[in-house]
Structure formats: structure tokens, C-alpha cells
There are 2 protein chains.
Amino acid sequence: MKLNTKSRYAVMALADMAVFSRNNAVSLRDISLRQGISLLYLEQIFLRLKKNNVVKSVRGINGGYILVKSPKDLKISDILLALDQKVKTVGCKKESKKSCNGKSTKCITHHFWDELDIYINSFFENKKLSDLLKIERQEYK
Amino acid sequence: MKLNTKSRYAVMALADMAVFSRNNAVSLRDISLRQGISLLYLEQIFLRLKKNNVVKSVRGINGGYILVKSPKDLKISDILLALDQKVKTVGCKKESKKSCNGKSTKCITHHFWDELDIYINSFFENKKLSDLLKIERQEYK
DNA sequence: CAAAAACTTGACTATTTTAGTCGGGTATAT
DNA sequence: ATATACCCGACTAAAATAGTCAAGTTTTTG
């Protein structure tokens, strides 16, 4: 059960921004160097973050990205949502008539997986970007 | 963030056994028919469940598998463990000196992912096979 | 104005993982 | 005997992942 790297890097990069931004735009180049993430990959990730209104961009020299919300208001679930990283632990299609494994009834464990999804989602819903920084902040200042 | 089908089917199959076993071995053929899971795939799954002592087998005619523990003592985490389905949401290698992204320090979000893993694991640790059946039992009896 | 820094975007690709299948066994109840 | 059911390693097609690449556009600053 893994999170994809896009989501992980997105959270890392945004955490980096929260630490290093002094009300100015943070360039992907800087994030790339500090966090050891490929610049080209970061570009792809930030495209999505921008489209989903998690960050806004400033072009040109001294440009970069700026967090739309303050870290204490930015939920981790917002970040994952921007990257299509759905917490959908199993693939039973709830909507179709034949719901699970082609049977007409829900699969025997269906309720359990729903519960799991809700459980995990609530973790991401309740964590803010600022929560991530509390512990590790010192190392980076 | 997905669980693989092996793990999902394992839980389904064991739940099926818990419901349909009357102290006799349950054949994979029956499970396959009831749950709509490929027999060949079930064999592969049960091989691992057996190796990890979740089930024991009875060979020959009227053979099949038997749960080693009673459903109310069998933790879901035991099942996932048997299938190598580790809850390790991100790939930072804790053990190596260079821990995350080749940096010498832990990545900025490392603690967060650890927390997430622990959170999810505790869900599986605290759920027993019998918990799954409480709600959906009726439909299958 | 020129040039450099930095964002923009779609397409492409190698690798890995997943979700199984296949073939050829062995054990045992009837 | 023989049918049923477990046993086990190897194989494979398809999908997902983790990026890279190419070719831009915009804006600041010297």
C-alpha cells in the first residue's frame, strides 16, 4: 500500500516552500536543489497544484510559486486531491449494478474497505501542512 | 493509494471460510464460485496463507483449507503480513545512511509518513476477521 | 533591447508492478 | 483406480509509475 511519488514530492515541496518562503515566490530550482527532486518532475507536479489552486505562479526572473493558503489552513487532503491521488483502497465499483466481482450483491468485505477509506481520508483531512513542520522545522532553519 | 488484489481476495476468501465452514475444510473451488475469484489465483494466495500459518490444508477428496485461528482472534494485519502487503506508504529507506532522496538528513516530511504508516497499521491490527462478518453475515446465510 | 531566469505544456518512454495464467506435479478418500 | 483438491515454480500481458524531453512563453534586470 503505497503513495505515489508525485504525491509525496508534492507534500515535500510544499513543506519546503512553507519553511523557506519569506513572502516571496520560491523557485522550483531551489526546491529541486534543497529536496533532491528532479526539476522536470517538479514542473509536472506544480502544473497540477496550480490548476487546482493550491499554489499560484509568478513568472520571469525571481519568479516561482506561492502558496495560496497559509500552511495552517492547507489540508494535506487538498494536496492529494490536486494530484488525483484518491484513497480508494480497493476497486469494487460501487455505482454499477454488478458491484463486486461481477456479483449482484456487494462483496462480502465491501463495508470493511469503505470503512478503511474513510479512516485514511480522515487522517489527511485533519492534517495541515503546518502540522508537518512543527517537529522538523529546526533542522532546516 | 491502493491495496493489491491479492490482499483483498485473501480477506474475502477468509471471510467466506468463516461464514461457510462448519468445522470442515472449505475447498478453493467453492470459494472461487461463491466469491467470483479465479481458482488459479486463489491457489497462489492460499499457498502464502498456508506458509504463514493463517490456514492449514487438508488434501484429497473433500479436502480444502481450515482457519488456524478462530475469526475473532485473526487480525487483518496477520492476513496482510502473510501476503507481504506492507503498509509502507512512502519509499524513504530508513536504514541507509543517506535516508531520503540521497540527502544525509531525513526528508522534511519523513516523520509525517511514519505517522501515517502507524495510523493505518493500527486499523488492521485492531480489526479481526469476525468484525467483518457482523454486518454482512445475513446476506450470505 | 537583449538575455537570462523561470514558468507552461503536451508527448514520450523505460522500468516496475500487478494480476493473473499455465503446466506439471502430489496426496488422499472412496 | 480415479477423481478431487492441494502444491509450486515459472511465465506473461497489461497497466501504472516515475520520470525525461522538446519547444515554447513571460517577465525582470542590466
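Numbers restart at 1 for each chain; the letters A, B, ... are given by sequence-line order, proteins then strands. Below, each value reflects all heavy atoms present in this structure, side chains not excepted, and no hydrogens, waters or symmetry copies.
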When we call it a touch if two heavy atoms are under 4.0 Å apart, what does B/Y65 touch: a base, just sugar-phosphate, or nothing?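 Result for B/Y65 = sugar-phosphate.
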Toward the 5' end of DNA chain D, which comes first, B/E43 or A/Y41, by nearest nucleotide?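 Going by which nucleotide is closer to the 5' end, it is B/E43.
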Could you pick out which residue, B/G64 or A/R59, lies toward the 5' side of DNA chain D when each is mapped onto its nearest nucleotide?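 This one resolves to B/G64.
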Interatomic distance where [atom1] belongs to [X] and [atom2] belongs to [N] [whole Å]:
X: B/K50; N: D/dC8; atom1: NZ; atom2: C1'; result: 11 Å
X: B/K2; N: C/dT18; atom1: NZ; atom2: P; result: 11 Å
X: B/L28; N: D/dT4; atom1: CG; atom2: C1'; result: 12 Å
X: A/N4; N: D/dG19; atom1: CG; atom2: C1'; result: 12 Å
X: A/R29; N: C/dA4; atom1: CZ; atom2: C1'; result: 12 Å
X: B/I45; N: C/dT21; atom1: CD1; atom2: P; result: 11 Å
X: A/K56; N: C/dC7; atom1: NZ; atom2: C1'; result: 16 Å
X: B/L47; N: D/dC6; atom1: CG; atom2: P; result: 12 Å

I'd like to check the ring-ring contact (aromatic ring centres under 6.0 Å, His included) partners of B/Y41; sequence neighbours left out, ordered by chain and number.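 Once residues adjacent in sequence are excluded, the partners of B/Y41 under the ring-ring contact (aromatic ring centres under 6.0 Å, His included) criterion are B/Y9.
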Pair B/F112-B/Y119, ring pair (Phe, Tyr, Trp, His ring centres under 6.0 Å): steps then yes or no: CA-CA 11 Å; B/F112 177 69; B/Y119 179 83; over 10 Å; no
Under 4.5 Å between side-chain heavy atoms, hopping through other hydrophobics if needed: is there a path connecting B/I66 to B/I31?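 Hydrophobic grouping puts B/I66 apart from B/I31.
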Same cluster or not: B/I45 versus B/F20, using hydrophobic residues (I, L, V, M, F, W, Y) connected whenever any side-chain heavy atoms lie under 4.5 Å apart?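 Yes, same cluster.
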Counting only distance, no hydrogens or angles, is the base of D/dT20 paired donor-acceptor with the side chain of A/Q44 under 3.5 Å?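 Checked by distance alone, the answer is yes.
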Per-residue pairing states of DNA chain D in dot-bracket (Watson-Crick or G-U under 3.5 Å; . unpaired, | other strand) read ||||||||||||||||||||||||||||||
Hey, is the side chain of [X] poking within less than 4.0 Å of OP1 or OP2 on [N], counting only N and O atoms?
X: B/S27; N: D/dC6; result: no
X: A/S57; N: C/dT8; result: yes
X: A/T5; N: D/dA18; result: yes
X: B/Y9; N: C/dG20; result: yes
X: B/N62; N: C/dT28; result: no

Starting at the 5' end of DNA chain C and moving along, which residue's nearest nucleotide shows up first, B/I61 or A/L40?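 Whichever sits nearer the 5' end wins; that is A/L40.
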From A/D30 atom CG to A/M17 atom CE, the distance as rounded to the nearest 0.5 Å: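 CE of A/M17 is found 11.0 Å from CG of A/D30.
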Distance check, rounded to the nearest 0.5 Å: B/S77 atom OG versus B/I120 atom CD1?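 B/S77 OG to B/I120 CD1: 13.5 Å, rounded to 0.5 Å.
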Which residue pairs satisfy the salt bridge (Lys or Arg N to Asp or Glu O under 4.0 Å) criterion with at least one member in residues 47-73 of chain B, sequence neighbours excluded?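 Counting only pairs at least two positions apart or across chains, the salt bridge (Lys or Arg N to Asp or Glu O under 4.0 Å) contacts touching residues 47-73 of chain B are B/R48-B/D84, B/K69-B/D78.
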